[in-house]
There are 2 protein chains.
Amino acid sequence: MGVNLKDIAQRAGVSLATVSNVVNGYRPVGERTRLRVQQAIDELGYSPNLGARHLRRGRTGLIALAIPELNNPYFAELAEIAIAEAAGLGYTLVMENTAADRGAELALLDGSRRHIIDGLILSPVRIGREEVLARTAHTPLVLIGEGVYDVPHDHIAIDNVAASHAAIQHLVAIGRRRTAFIGATRGGERQSAHLRVRGYREALTAAGLPYRSRLVAHTDAFGRLDGKRAMRDLLALGDPPDAVFGYNDLVAVGALRALAEAGLRVPEDVAVIGIDDIEEGRFSTPTLTTIAPDKREIGRLAVRRLVARIEGAEVAAPLTVQTPFRLIRRESTGTPVG
Amino acid sequence: MGVNLKDIAQRAGVSLATVSNVVNGYRPVGERTRLRVQQAIDELGYSPNLGARHLRRGRTGLIALAIPELNNPYFAELAEIAIAEAAGLGYTLVMENTAADRGAELALLDGSRRHIIDGLILSPVRIGREEVLARTAHTPLVLIGEGVYDVPHDHIAIDNVAASHAAIQHLVAIGRRRTAFIGATRGGERQSAHLRVRGYREALTAAGLPYRSRLVAHTDAFGRLDGKRAMRDLLALGDPPDAVFGYNDLVAVGALRALAEAGLRVPEDVAVIGIDDIEEGRFSTPTLTTIAPDKREIGRLAVRRLVARIEGAEVAAPLTVQTPFRLIRRESTGTPVG
DNA sequence: CATCGCCTGTATAACGTTATAGAGCCGCGC
DNA sequence: GCGCGGCTCTATAACGTTATACAGGCGATG
């Protein structure tokens, strides 16, 4: 099909090996021949066949980013950053959608893709420590988000407990005394949902407020619809909450909608706060107060750690990084003071 | 590294070729040997090295979906569908973000990725007919969305003019007489923005309403912020519109926000309609009336056409498909009647 | 009974690249 | 005058797979 090394070699009157050396500088080439080869390359419009290169090198130049839902703007924004970072390092990022499915996560960890991918960035949802430890694939793995700990892999996440503290402290500061949480899950001791509930509980206690399990709404997933339904249920309680802390912005947006349909005012009747700082929250009515993780940092760091491992930094010990976050005050908890 | 064909062949006591035939059924294999080989495969946990396979076959099994912004929920939803469809056909889809950049679109059309990708689905924004015709790469190309016509490639899009008609007719039906359009662009005769403006204009004329160029707001991009700014400008006019038709839902959401900040009621003061039916519009306050394209159909069709071409349907003439759409009435144009 | 064709299975040459071993040439020191 | 090391470049063997050409066995056909 296309132009290959041999064509260039013939055109320039040199050997295959010399052309290869010109292309990727593995060994030095004399100035005159290099120029001749370069000219042939330009004239014929050669670009290396990556498949063949990777067969020979044993690497494909592909890394995968596996996330539970592409539809979630948080992950879409993260993916956009990661794709750019990977491209800058000479890698192509392919997105894998696990759809929060256990089988899909397991298949990625150790599946048939292993030959096609040099490394994997995974945001685990349904698998835990054991599954990660049981993995036999030898390609580097970087974990993002919470859920799996104490495994020999790099791990990047925000401090969920601290983030929840910040959210609750803010609600307490604006005078709320009955704050609900939407987005708890059953089981999963170390899942991020669990950690966020823990932070919620600890912060309430620290503020001298009671923890009421009725105000903790469980959901199957973390989408807008889940938030809306849960909020509706909370409003049906005898004594509904005066504030809601959503597992993420999507859930919080759903809560906003349920409140609007119920004819309640935000933040006067119920204040709402989420986590993720998705763009949608900057344009909703009311705009959404949120805990903003440093998506840029997470995306770039994950890719860079992975590439470092792929390119041979096996020696370094697995790194666990907690990226910073900040509170962004918007209308859903009252007009910012500052 | 991993287990390869040779290992299996030795274990089962057969030749390489036989194992290969068992794996991909290119030629029939006797029942007894097939079983023995299969057993060896299972025992050793063999999975084919895709790089090598693709080098031999001349195909990589990768197709690319190039879209102008991953952040746009419309494209994220489309991508999710396309990824699933590609996986079902044995292909891996890699996402390419052109960021609505001309250079990026050109690079994709004819760039260094050509060896790594079997085919490309492109949503062009900044390039036109000439650039597509000038392309030298020989891999199949499927275009989605509008902007490029009369090129020898499959093309899938909704009928933008008709969609705009439907939107305007709806606004007229609910009694609006001064409808603005947000999201026009300069130049680009056949760009979708241009087509949507044309439909807007034609439908107004058909309804016996005047077309006022002051009510057509131009934007640089099609995001929430663009919609918000444009709406603000429209409201500053001496006689502001009583309805707004957004280039897409994102722009419409931005308009909703500007209206809320201006203290205007939707739909009483200003009705709003968009195109895309993104989930966000089902949860915004008010919920957003929209023209819903059949995303599932577009995503699946694009992938299937591309794969058909890759697998040798060069004979068939390029297909241009217009996928259906429907109007979804929500609060932003008044409570649905039906 | 020889021949033809089918059915299984094998040996082997690609695919396009990179890394290794080595060949030719030149100048320098003993 | 001969060997030795440094510098370029070349020849070639992989990487793991698939497709082609071919070989042997066996029943059916003339």
Side-chain angles (χ1 to χ4, degrees), chain A residues 1-38 40-41 44-62 90 112-118 138 311-312, chain B residues 1-38 40-41 44-62 90 112-118 138 311-312:
Chain A
M1 307 261 149
V3 190
N4 59 14
L5 268 193
K6 202 157 76 180
D7 299 332
I8 305 295
Q10 279 177 357
R11 175 92 161 205
V14 296
S15 76
L16 279 179
T18 301
V19 181
S20 173
N21 283 329
V22 169
V23 172
N24 50 25
Y26 170 67
R27 293 219 327 209
V29 173
E31 193 52 29
R32 274 179 46 196
T33 36
R34 129 166 282 116
L35 279 175
R36 213 158 26 139
V37 170
Q38 190 58 53
I41 290 177
L44 296 179
Y46 167 76
S47 72
N49 180 318
L50 298 181
R53 165 178 292 177
H54 296 322
L55 168 60
R56 184 60 233 249
R57 284 198 181 152
R59 293 203 228 122
T60 64
L62 258 45
S112 61
R113 281 271 153 66
R114 67 185 161 193
H115 275 309
I116 216 184
I117 276 172
D118 292 340
H138 53 284
E311 297 183 349
Chain B
M1 304 262 148
V3 190
N4 59 14
L5 268 193
K6 202 157 76 181
D7 299 333
I8 305 295
Q10 279 177 358
R11 175 92 162 205
V14 296
S15 76
L16 279 180
T18 302
V19 181
S20 172
N21 283 330
V22 168
V23 172
N24 50 24
Y26 171 64
R27 291 214 333 203
V29 174
E31 194 51 30
R32 274 180 47 197
T33 36
R34 126 165 286 116
L35 279 174
R36 212 159 26 138
V37 170
Q38 191 57 54
I41 289 178
L44 296 180
Y46 167 76
S47 72
N49 181 318
L50 299 181
R53 165 177 291 178
H54 297 322
L55 167 59
R56 184 59 234 249
R57 283 197 180 154
R59 295 202 228 122
T60 63
L62 258 45
S112 61
R113 281 269 153 66
R114 65 186 162 193
H115 275 309
I116 216 184
I117 275 172
D118 292 341
H138 53 283
E311 296 183 350

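Just so we're on the same page: letters track the sequence lines, and every chain starts at 1.
A pairwise comparison of heavy atoms in Ala40(B) and Arg11(B) identifies CB-CG, 3.6 Å as the closest pair.
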Which atoms of nucleotides 11-14 of chain D (N or O only) lie under 3.5 Å from a protein N or O atom, and what are those distances?
from	atom 1	to	atom 2	distance (Å)
dA14(D)	N3	Arg56(A)	NH1	3.1

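Residue Arg53(A) places at least one side-chain N or O under 4.0 Å from the OP1 or OP2 atom of dT18(C). Side-chain N/O atoms of Asn21(A) include none lying less than 4.0 angstrom from OP1 or OP2 on dT18(C). Taking side-chain N and O atoms only, Tyr26(B) has no distance below 4.0 Å to OP1 or OP2 of dT8(C). Listed pair Ser20(B) / dT17(D) fails the phosphate criterion, with no side-chain N or O lying under 4.0 Å from OP1 or OP2. Not one side-chain nitrogen or oxygen of Asn49(B) sits closer than 4.0 Å to the OP1 or OP2 atom of dG16(D).
Here Arg36(B) contributes atom CZ and Thr18(B) contributes atom OG1; the two are 9.5 Å apart, rounded to the nearest 0.5 Å. Summarising the geometry, atom CD belonging to Glu31(B) is positioned 6.0 Å from atom CZ belonging to Arg34(B); distances are rounded to the nearest 0.5 Å. Interatomic distance, CD of Gln38(A) versus CD1 of Ile8(A), reported as 9.5 Å (0.5 Å rounding).
As rounded to whole Å, 10 Å separates atom C1' of dA19(D) from atom CG of Asn24(B). To the nearest angstrom, C1' of dC15(C) lies 16 Å from CG of Leu50(B). One atom, CG of Leu55(A), and another, P of dA19(C), lie 12 Å apart when rounded to the nearest Å. The interatomic distance linking Arg57(A) (CZ) with dA19(C) (P) rounds to 6 Å, in whole Å. The CG atom of Asn4(A) sits 14 Å away from the C1' atom of dT18(C) (whole-angstrom rounding). What separates CZ of Arg59(B) from P of dG16(D) is a distance of 22 Å, to the nearest Å. As rounded to whole Å, 15 Å separates atom P of dC7(C) from atom CD of Glu31(B).
Shown for residues 5-12 of chain A: residues whose heavy atoms fall under 4.0 angstrom of DNA chain C, namely Leu5(A).
Side-chain atoms of Asn4(A) come within 3.5 Å of backbone atoms of Asp7(A) as a donor-acceptor pair (strictly under, hydrogens ignored).
Two residues are said to be in side-chain contact when any heavy atoms from C-beta on lie closer than 4.5 Å; Arg57(B) and Asn24(B) meet this criterion. Side-chain contact between Val37(A) and Val14(A) is present, with heavy atoms from C-beta onward closer than 4.5 Å. Val23(A) is listed as a side-chain neighbour of Ile41(A), based on a closest heavy-atom distance under 4.5 Å.
Between Val29(B) and Ala52(A), it is Val29(B) whose nearest contact on DNA chain C lies nearer the 5' terminus.
Among Asp118(B), Leu55(B), Leu50(B), the single residue meeting the side chain to side chain contact (heavy atoms under 4.5 Å, CB included) criterion with Thr60(B) is Asp118(B).
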